[in-house]
Amino acid sequence: MKSIWLTSLSKSEEQIQQIAQKMKAYGLSIDGAYWEDDLKKMAWLSTLQELLNPMVKLWMIYATEEELQSESIRYGLFALSICLQNERGHTFPIAMIYDGGSPPPVEMMPTPLKEISFFSLTETSYPAKIVAKVHSTVKPVTPEYRLNLRAIPQIGYWYEIGPREGVWNGAMLGVDQGEINFQAVGPKGALPDKSKLISPRQGLKLSYGESEFTAWSVENEIDSESSYYARIEGTPKSILFGENPTGDESDVFVVQSM
């Protein structure tokens, strides 16, 4: 049976029960849990495991703007979202149920959550619209890059990047907040035990828009079956990454993480 996983940022039991009852009335199974805001413990990993269940067809988030003001909550949602999209695709349906008359400002949402569906709790038709999303077929959409996160207790947060097709002549990753403290290159999908780096560089300063980034880079070739890994401590507001720049300008990608 198709099901929904509900993540509640709010502790309002009354509202949660109301949402669950409405979805069950439409014949959908719904399970869920309260969000645990603990980045150090990587508490969001337990939600990721639930969402990787193939019977779960939609991730629903219940939130108020007040909870979304928390940078640690937004960063946790970002980390979970990129891992989810890496495993189940960028078009895996996500819906946010909010209190009030207007949705949270899009500019405050992490990049993976900017295009999700927003529904007001007072909107009587939202259960039917969510049911439609669960049963709809959406054409897959994939960016030209790969971005994933390896969150491993005792080892840390490792971001993984690479091209989806073709070859990058080196790789670079930068943060506007927080700190990179290790880098590696190896097969995609798992941190390598050993890594030989070609011309590694640290502490590169780059400007993008109004943000300043500190980046690390290597000149190893990165193809569709290999990845560049960078360990980050702290919580960057944005992450800049792409092929290692060879001149004054280069194509890079920037995602907002909180």
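The first residue of the sequence shown is numbered 1, and numbering continues consecutively from there.
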ILVMFWY network linking W216 to F213, side-chain heavy atoms under 4.5 angstrom: no

Which value, rounded to the nearest 0.5 Å, describes the distance between Q85 atom CD and L80 atom CG? 10.0 Å

Decide yes or no on ring pair (Phe, Tyr, Trp, His ring centres under 6.0 Å) for Y145 and F241, but give the supporting numbers first. CA-CA 9 Å; Y145 60 80; F241 60 94; 5.0 Å; yes

Does the plane of the ring in F182 sit parallel, tilted or perpendicular to the ring in W158? Use 30° and 60° as the thresholds. perpendicular

Yes or no on side-chain hydrogen bond (donor to acceptor under 3.5 Å, both in side chains) for E165 and S224, after CA distance, side-chain angles and deciding distance? CA-CA 5 Å; E165 296 179 350; S224 60; over 6 Å; no

Taking the side chain from E160 and the backbone from G189, do they hold a donor-acceptor pair closer than 3.5 Å? yes

Answer whether the closest heavy-atom distance between the side chains of L121 and Q15 falls below 4.5 Å. yes

Listing, residues 192-204 side-chain donor-acceptor contacts under 3.5 Å, not counting sequence neighbours, or none:
| residue | atom | partner | partner atom | Å |
| --- | --- | --- | --- | --- |
| S195 | OG | V185 | N | 2.8 |
| S195 | OG | V185 | O | 3.0 |

Side chain Q256, main chain E107, donor-acceptor under 3.5 Å: yes

Polar contact flag, side-chain donor to acceptor under 3.5 angstrom, S117-K129: no

Under a 4.5 Å side-chain heavy-atom rule over Ile, Leu, Val, Met, Phe, Trp and Tyr, are V131 and I116 clustered together? no

Mind listing the closest non-hydrogen atom pair of P54 and R88 along with its distance? O-NH2, 3.7 Å

Spell out, as yes or no, whether a donor-acceptor pair under 3.5 Å connects the side chain of D176 to the backbone of K237. yes

Spell out, as yes or no, whether a donor-acceptor pair under 3.5 Å connects the side chain of Y157 to the backbone of L39. yes

For Y62 and S8, work out which heavy atoms get closest and say how close. CD2-OG, 3.5 Å

Between S12 and E14, do the side chains contain a donor N or O and an acceptor N or O under 3.5 Å apart? no

Quick one: does T91's side chain get under 4.5 Å of K139's, heavy atoms only? no

Are the side chains of M258 and M108 in contact, using a 4.5 Å heavy-atom criterion? no

Can you tell if the side chain of L28 reaches within under 4.5 Å of the side chain of K57, non-hydrogen atoms only? no

Going through the checks in order, is the side-chain hydrogen bond (donor to acceptor under 3.5 Å, both in side chains) test met by S46 and Q49? CA-CA 5 Å; S46 61; Q49 292 307 308; over 6 Å; no

Is a side-chain donor or acceptor of R74 paired with a backbone partner of M109 at a separation under 3.5 angstrom? no

Can you name the closest pair of heavy atoms from L173 and I180 and give their distance? O-CD1, 3.2 Å

Does a side-chain heavy-atom distance below 4.5 Å link I97 with I61? no

Strictly distance-based, threshold 3.5 Å: is any side-chain N or O of S257 a donor or acceptor partner for the main-chain N or O of P236? yes

With no hydrogens and no angle check, just 3.5 Å: does a side-chain donor-acceptor pair link D37 and S72? yes

If you compare all heavy atoms of L58 against all heavy atoms of K133, which two are closest, and at what distance to 0.1 Å? CD1-CB, 4.0 Å

Got W44 and W35 here, is their nearest side-chain heavy-atom distance under 4.5 Å? yes

Give a yes or no on whether the backbone of N169 and the side-chain of E243 come within a donor-acceptor separation of less than 3.5 Å. yes

Do L77 and Y75 share a hydrophobic cluster, counting only Ile, Leu, Val, Met, Phe, Trp and Tyr and linking them when any side-chain heavy atoms are less than 4.5 Å apart? yes

If Ile, Leu, Val, Met, Phe, Trp and Tyr residues are connected whenever their side-chain heavy atoms lie under 4.5 Å apart, and connections chain through other members, are M96 and I16 in the same group? no

S29/K2 under side-chain hydrogen bond (donor to acceptor under 3.5 Å, both in side chains): CA gap, chis, key distance, verdict: CA-CA 7 Å; S29 171; K2 294 181 178 180; over 6 Å; no

Is the closest side-chain heavy-atom distance between D31 and W5 below 4.5 Å? yes

Quick check against the 3.5 Å criterion: does Y208 have a side-chain atom that pairs as donor or acceptor with the backbone of V252? no

Ignoring hydrogens and geometry beyond distance, is a side-chain donor-acceptor pair present between Y228 and Q183 at under 3.5 Å? yes

Side chain to side chain, Y229 and Y159, heavy atoms closer than 4.5 Å: no

Main chain of S226, side chain of R146: is a donor-acceptor contact present, judged purely on distance under 3.5 Å? yes

Could you tell me whether the side chain of K114 and the main chain of V106 form a donor-acceptor pair under 3.5 Å? yes

P163 and I222 have their tightest heavy-atom pair at CG-O, 3.3 Å

Side-chain heavy atoms nearer than 4.5 Å, only ILVMFWY residues, links allowed to pass through others: does that put Y98 and M23 together? no

Option passing side chain to side chain contact (heavy atoms under 4.5 Å, CB included) with W59 (candidates I4, I94, L6): I94

Which atom names give the shortest non-hydrogen contact between E225 and D223, and what distance separates them? N-OD1, 2.9 Å

